[in-house]
Amino acid sequence: MHIVIGAGVIGASLAFHLARAGAPVAVIDAGRIGGGTSASSFAWVNSHNKAPRAYHDLNVAGMRAHADLRAAFGHAPWWHGGGTIEWEGIAPEAYRRKIALLQSWGYAAQWLDHDQLRALEPDIDPAAVGDAPVAFFPDDGWVDPVVYSHALLADAQRHGAKVFPHLAVTAIRRQGSRVVGVTTADGVSHDADVVINCTGRWADQAALPAALRIPLAPSAGLMVFTPSLAHGVQRVIFSPRVHIHPDGAGRLLICRNDLEVAADAEFDSRSPEVTGLLAAAREVLPLLRGVDAEALRVGVRAIPADQFPAVGPSPDTEGYYSIVTHSGVTLAPFLGAAAADEILNNAVRPELETFRPRRFFL
Ligand SMILES: Cc1cc2nc3c(=O)[nH]c(=O)nc-3n(C[C@H](O)[C@H](O)[C@H](O)COP(=O)(O)OP(=O)(O)OC[C@H]3O[C@@H](n4cnc5c(N)ncnc54)[C@H](O)[C@@H]3O)c2cc1C
């Protein structure tokens, strides 16, 4: 039996690949499916600012795995393509160098003139762009992470997996250096050949023995949701001060991926962080003038202490594997497939070698 702790995008993707390979799987989540960080994410699928090269390549592998998954399902209601339109607040030459580097790595990126920009996104105010060079990334997209998590777990269940939402793992059971199962909040002991920690921002929690925790450096981000609007936005807009994409039923999701807020802070429509995001969004999309936030959400990023993914076994421990990462929406389909390969086939995937948890225990 393979016990996956956590039913966010990462746990769901892993369970999907394990179950499709014919392995017995149980997925246990303390809350609802996809209800953790996956429910509070900008969820942009991209590899724009993902240095160094190994991390960029991992994110590109995530993008390709998303495409493979869409092809495998045929109908992929969690996926929204359309690409990204981006201009940045850095000097034009520096931005052109950045895009040239991405292109030299094979990343799909092209320049737009003002007419092309207007044709793609007529709601963007040209004055907000000014003379900045504008790039278009046709292979980018965004995901509805909760829909993705449900779809992959439903498929896993059709392949024999068992899913237990609203059931917390309270302890990891060990015999010597081997993990042999978990105990859940109802007092039941579950035996496992391998336990896989997909608990994201909770990967350093007390229920895990110290040697199995992933050190985290979490930060929180703020998301502003508009009411339903008659807008024409069809893709991710990544401007210097605000990032925007549609969020279904005419709503827009407004965020700034590098904005950090206190995870326990209370926000309302008058909070400076909220009014600041809306003001920046109104400059880009004048149709937002007079529109207030309909909902606000704070998401806590699942970030290992050195910012990079932690994927693999823990040192000196058998039967235990972790997958903890930021950019998890981009990475989930690839990490789920690669980790399942390692867990089931004793493979050592070179793409993961830079990102092993052992680096935290040296
Ligand atoms: C503001 C913000 C913006 C982001 N933007 C992007 C982006 O643009 N692109 C991108 O790719 N990524 C983005 N991310 C990151 C991405 O959302 C996360 O990396 C991803 O959602 C993590 O998924 P996960 O499955 O690891 O964690 P989660 O979705 O948090 O799932 C972990 C699950 O573990 C469960 N759990 C924890 N402890 C236990 C226990 N003891 N027993 C049972 N269950 C347990 C929780 O209930 C939870 O459901 C963003 C994140 C934030 C917060």
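Order of listing sets the numbers, starting from 1, for every ligand and every atom in it. All residue numbers in this chain count up from 1 along the given sequence.
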Practice task
Describe, in one word, how the ring planes of Trp78 and Phe73 are oriented to each other, choosing from parallel (under 30°), tilted (30 to 60°) and perpendicular (over 60°).
Solution key: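 Plane angle over 60°, so perpendicular.
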Exercise for the section: Mind jotting down which residue pairs meet the ring pair (Phe, Tyr, Trp, His ring centres under 6.0 Å) criterion with at least one end in residues 335-356? Sequence neighbours excluded, please. Expected result: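 Every candidate ring pair (Phe, Tyr, Trp, His ring centres under 6.0 Å) pair involving residues 335-356 fails, so no pair, neighbours aside, qualifies.
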Do me a favour and list the nearest non-hydrogen protein atom to [atom] with residue, atom name and distance?
| atom | answer |
| --- | --- |
| atom 26 (O) of ligand 1 | Ile10 CG1, 3.3 Å |
| atom 35 (C) of ligand 1 | Asp29 OD2, 3.4 Å |
| atom 36 (N) of ligand 1 | Thr199 CG2, 4.0 Å |
| atom 40 (C) of ligand 1 | Val169 N, 3.8 Å |
| atom 9 (N) of ligand 1 | Trp44 O, 2.8 Å |
| atom 43 (C) of ligand 1 | Ala30 N, 3.1 Å |
| atom 13 (C) of ligand 1 | Ser41 OG, 3.3 Å |
| atom 32 (C) of ligand 1 | Cys198 O, 3.4 Å |

Exercise for the section: Would you please test Leu216 and Val324 for side chain to side chain contact (heavy atoms under 4.5 Å, CB included) and show each step? Expected result: CA-CA 9 Å; Leu216 298 177; Val324 181; 4.0 Å; yes
Any atoms of ligand 1 less than 4.0 Å from a non-hydrogen atom of [X]? List them with their elements.
| X | value |
| --- | --- |
| Asn257 | 3 (C), 5 (N), 8 (O) |
| Gly6 | 33 (C), 34 (O), 35 (C) |
| Gly221 | 1 (C) |
| Gly8 | 25 (O), 29 (O), 31 (O) |
| Gly200 | 26 (O), 27 (O) |
| Ile28 | 43 (C), 44 (N) |
| Thr325 | 19 (O) |

Exercise for the section: Report the C-alpha separation of His243 and Trp44 in whole Å, then their side-chain angles, then the decisive distance to 0.1 Å, and conclude whether the ring-ring contact (aromatic ring centres under 6.0 Å, His included) test is met. Expected result: CA-CA 10 Å; His243 313 140; Trp44 177 34; 7.0 Å; no
Taking the six-membered ring for Trp, are [X] and [Y] ring centroids under 6.0 Å apart?
| X | Y | value |
| --- | --- | --- |
| Phe16 | Tyr148 | no |
| Phe334 | His66 | no |
| Trp111 | Tyr95 | yes |

For ligand 1, is there an N or O atom under 3.5 Å from any N or O atom of [X]?
| X | value |
| --- | --- |
| Trp202 | no |
| Ala302 | no |
| Thr330 | yes |
| Arg301 | no |

Quick one: do [X] and [Y] make a salt bridge, cutoff under 4.0 Å?
| X | Y | value |
| --- | --- | --- |
| Arg53 | Asp57 | yes |
| Arg356 | Glu342 | yes |
| Asp68 | Arg70 | no |

Handout entry: Minimal non-hydrogen separation, His17 against Ala340, with atom names
Key =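 Taking His17 first and Ala340 second, the nearest heavy atoms are CB-CB, 3.7 Å.
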Using a 4.0 Å heavy-atom cut-off, which part of [X] comes near ligand 1: side chain, backbone, both, or neither?
| X | value |
| --- | --- |
| Arg201 | neither |
| Ala43 | backbone |
| Val300 | backbone |
| Phe42 | both |
| Val324 | neither |
| Ala220 | neither |

Exercise for the section: Assess Ala168 for proximity to ligand 1: is some non-hydrogen atom of it under 4.0 Å away? Expected result: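 In this structure, Ala168 qualifies as a contact of ligand 1 - some heavy atom is under 4.0 Å.
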Given [options], which has its nearest heavy atom closest to [atom]?
| atom | options | answer |
| --- | --- | --- |
| atom 16 (C) of ligand 1 | Gly328, Ser40, Cys255 | Gly328 |
| atom 23 (O) of ligand 1 | Ser38, Ala12, Gly299 | Ser38 |
| atom 30 (O) of ligand 1 | Thr37, Val329, Val236 | Thr37 |

Exercise for the section: Step by step, work out the side chain to side chain contact (heavy atoms under 4.5 Å, CB included) result for Leu117 and Ile85. Expected result: CA-CA 8 Å; Leu117 172 62; Ile85 285 178; 3.8 Å; yes
Practice task
Side-chain contact test, heavy atoms from C-beta onward, threshold under 4.5 Å: evaluate it for His245 versus Arg235 and give yes or no.
Solution key: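 When only atoms from C-beta onward are counted, Arg235 and His245 do not touch, as no gap falls below 4.5 Å.
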Handout entry: Lys50 and Phe308, any side-chain heavy atoms less than 4.5 Å apart
Key =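 No, their side chains stay 4.5 Å or more apart.
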Handout entry: With His80 via side chain to side chain donor-acceptor pair (under 3.5 Å) - residues at least two apart
Key =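 Partners of His80 under the side chain to side chain donor-acceptor pair (under 3.5 Å) test: Asp144.
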Practice task
Enter the distance from Tyr321:OH to Asn197:CG here, rounded to the nearest 0.5 Å.
Solution key: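 These two atoms lie 12.0 Å from each other.
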Problem - Spatial distance of atom CD1 (Ile254) from atom CG (Leu278) [nearest 0.5 Å] - result: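 The distance works out to 5.0 Å.
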